[in-house]
Structure formats: C-alpha cells, structure tokens
Amino acid sequence: MKFFIINSGSSSIKYQVIDMTTETVLAAGLVERIGEVYGRLKNTAFPGTRDEQESVIEQPIPDHRGGMQLVIATLTDKDNGVICNASEICAIGHRVVHGGEDFRGSMRITPTVIEALQRNIPLAPLHNPANLDGIRVAMEIFPQVPQVAVFDTAFHQTMPPRAYLYAIPYELYEQDRVRRYGFHGTSHRFVAGECARLLGKPLAECNLITIHLGNGCSMTAIENGCSIDTSLGMTPLEGLVMGTRSGDVDPALHLFLKQNKGMELEAIDALLNKESGLKGLCGMNDMRDIHEAAAEGDVRAQQAVEVQTYRNRKYIGAYMAVLGRVDGIVFTAGIGENDPIVRAESLEGLEAFGVRLDPERNGLRSKKARCISAPDSTVRVFVIPTNEELAIAREVAQVLRG
Ligand code: AMP
C-alpha cells in the first residue's frame, strides 16, 4: 500500500512516498529550479532497517515531466531506492491549492475534475496551473494508478454565507465568484481530528479554534467538526500577520500607494505578499532570528512579535464569540509547534474567557501532540504537529474506499 503524494509548484515538485499499512514515510524530497539552467533534486530515503540516506542530483530539469522522471529514477534506484519499480505505487495524491466552490471534499481525478481545476485558474493564477502540470505529468507516467486531488480550500466549504461573503456588490460573487474561500484546509482538518482524539470526543461534537502559524498563517473556527470561519480569504493574503504576507490591511491602501508612491497594482500585490508581514515589520521573516534579535534589544523585532501575537489574540477573541463554547485551541506548524513565546503572547489576557496556559507544559520541547493548558483551564490548549502529506494520503485512502 504505497502512496505517492505530490505537491507541484511552478518550478518545484515536493513529494513523499508513504507506506499506508503503517503510515510511515519511505522517501521524501524536493525537485527545485525546474526550467532553470541547473535543477536540483534532493531525496531522503528512510529504508527502515538502515539509516536514512540523502542524495542530491544537480542537472538541467527542463520541465515537470523531466522532474517527475528523475524522482521515479531516484525512488527505484538499485542502491538507495525505496521501491523496486513504479508499479508498486498504488495511488497518487495531489495537493491542489484552489478548488473554488466546485469541491467540498477530495476527488478522484477525472477529465471533469481537470476541467473544473482549469475553471478555477483565475482564483489561483499562480498555483492552480502548477498543480495541473503535476497532475498531467503523473497521469501520463502512471496511467493505471488512481489519482486524487486534495484541495486546500475544501474543508472551508462549510462556511456559511455570512462568513464567506465580502460586503461588496453581490454581482461580483454571482458572476466572478469573489468571496472568501480559506486555505490550509488539509492542515486544519488534520489537527482538528487529532485534537478530537485527545479530547476523547467525536470530532462532530467538538468546537475548536485551530491556529496554523508557519510561514503562512491562518486560524479556523470549527463548530461540530466543520469549518464555519477562517482567516484567509479569496487568496492566501487576508487575516493574520505572516512571514512575508501582510494579512488584513485597509483596502484603500492600494489607492494610497498608487497615488502617493506611483506604484502599479502588480507591485503593490508583490509588496503585500513578499515584503510585508514579519519581514516588512523588522526585516526578518524567520521567527527564530526575530526572537534572537528581540532578546538583544532590537525594538522592531520586539514590535513584530507584538503585532503578530496581538492579531492572533484578536482573531481568537472573534472566533470565541462566533463559537460560544470552545473545547480546544490548537497550535500547529513551524511557529505554532515550536514557539512557546508566541503561543503565550497570543493567549495573554484570555484568562477571563477560561483560557489558562500551564507555563511549564508550554515551555517543554517535544515533537508529540500535547496539552499545554493548566488543569483548571475550561478551554484546553494543545500543540499538535501538522502533517499535510499524511493528511493528504489519508484523504486519498478515504476517497478510494468510496
Ligand atoms: P512552516 O511554514 O510550517 O514550515 O514554518 C516555517 C516557520 O516556522 C519558519 O519561518 C520559522 O519562522 C518558524 N519556526 C521553525 N522552527 C521554529 C522554532 N524552533 N522556534 C520558532 N519558530 C520556528
């Protein structure tokens, strides 16, 4: 039961091979710089009985087809390979960024699904074409293997109109599907499921706030196991303060920047996506560097942490109001899993709402899912490592079971 999980970007392919009988990763890797003079494949094999083995290949990789063929050659390599031949792959899961309103769950890929993905390109003009490249190449190379699309947006399709509509002319929703969609759905769904297990309740009875804090950041309000609101919007720019993305700003900022700085819309979009967030505030986007600078007295680094954690707190408060009863708050992803300072500051002042951290539990380093709230906290707080590839693989298994 070996599944091949693919996340195809515009010039990259990230992948894992997972043995689903034991849910163990057999190989993980990344093809980068597709289409550039020199491409690069880095593969780590986990052969089980032997130590993990890393291999790097640098050579021109003209396109996604070439990249995928190089991955397969590496996976089936006589010395380092984790499979004997490609026919051992019994299913393929593709991460797809935008399913628009067409997909409420993961789907077996058919020509109709591909058509719908093409229709959604205007909503994700950078990501969906790259995802489609990966799908087309995998379908060509593995014509007999069932392939499943797992959407970043699907989990949030349960949001009600009051949460997903923007207060702009309704025709823009009707004609152009301008609305909030939300992203990171696979991650939110995965940690919600794990949290329900830790709470000892069916997910369908859990009210949760899941907080994904990595380079991209998002928060989701989950009622009875379903997403009812989330911080990312029509694109992954809205909401929380992220590594290089601004999150919420006044939409009139665009006009201001055009009129006062002579900036074109594309430049403003790049500024908000690539030069803003933590990086815009203090020049750094890795939270470890920011803490180091903050500890040395860098005021802008200190302020960046404050701006991010204050925004987190505002959204937590909003989602508590939306949900009424909250069983658990979950932190996940690079910052959420590893940063006790950001977790503590994000929850500061919420004691009156029944949220009390246990400072000792919060400070412990661990790769395991764990509770970090005090015994008398009415809302339990958890750190739950996300695993998007495993989540995708589980989705694939579920779709194929029917
Ligand atoms: P992700 O997008 O989930 O891979 O998260 C990447 C981000 O997590 C990095 O840019 C860092 O800001 C942050 N990160 C990773 N490790 C740590 C750590 N030990 N402490 C604080 N932040 C971390």
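In listed order, ligands and their atoms are each counted from 1.
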Go through the side-chain N and O atoms of H254 and D269 and say whether any donor and acceptor fall under 3.5 Å apart.
-> no

R95 side chain vs I392 backbone, donor-acceptor pair below 3.5 Å | no

Test ring-ring contact (aromatic ring centres under 6.0 Å, His included) applied to H188 - qualifying residues, sequence neighbours left out = H156

Is it true that the side chains of E238 and Y166 contain a donor and an acceptor less than 3.5 Å apart?
-> yes

Amino acids in close contact with ligand 1, where any non-hydrogen atom sits under 4.0 angstrom away = G214, N215, N285, D286, M287, R288, A333, G334, I335, N338, D339, R365

Ignoring hydrogens and angles, state whether a donor on the side chain of S187 or E388 is under 3.5 Å from an acceptor on the partner side chain.
-> no

Does R394 come within less than 4.0 Å of E23, counting only side-chain N to carboxylate O?
-> yes

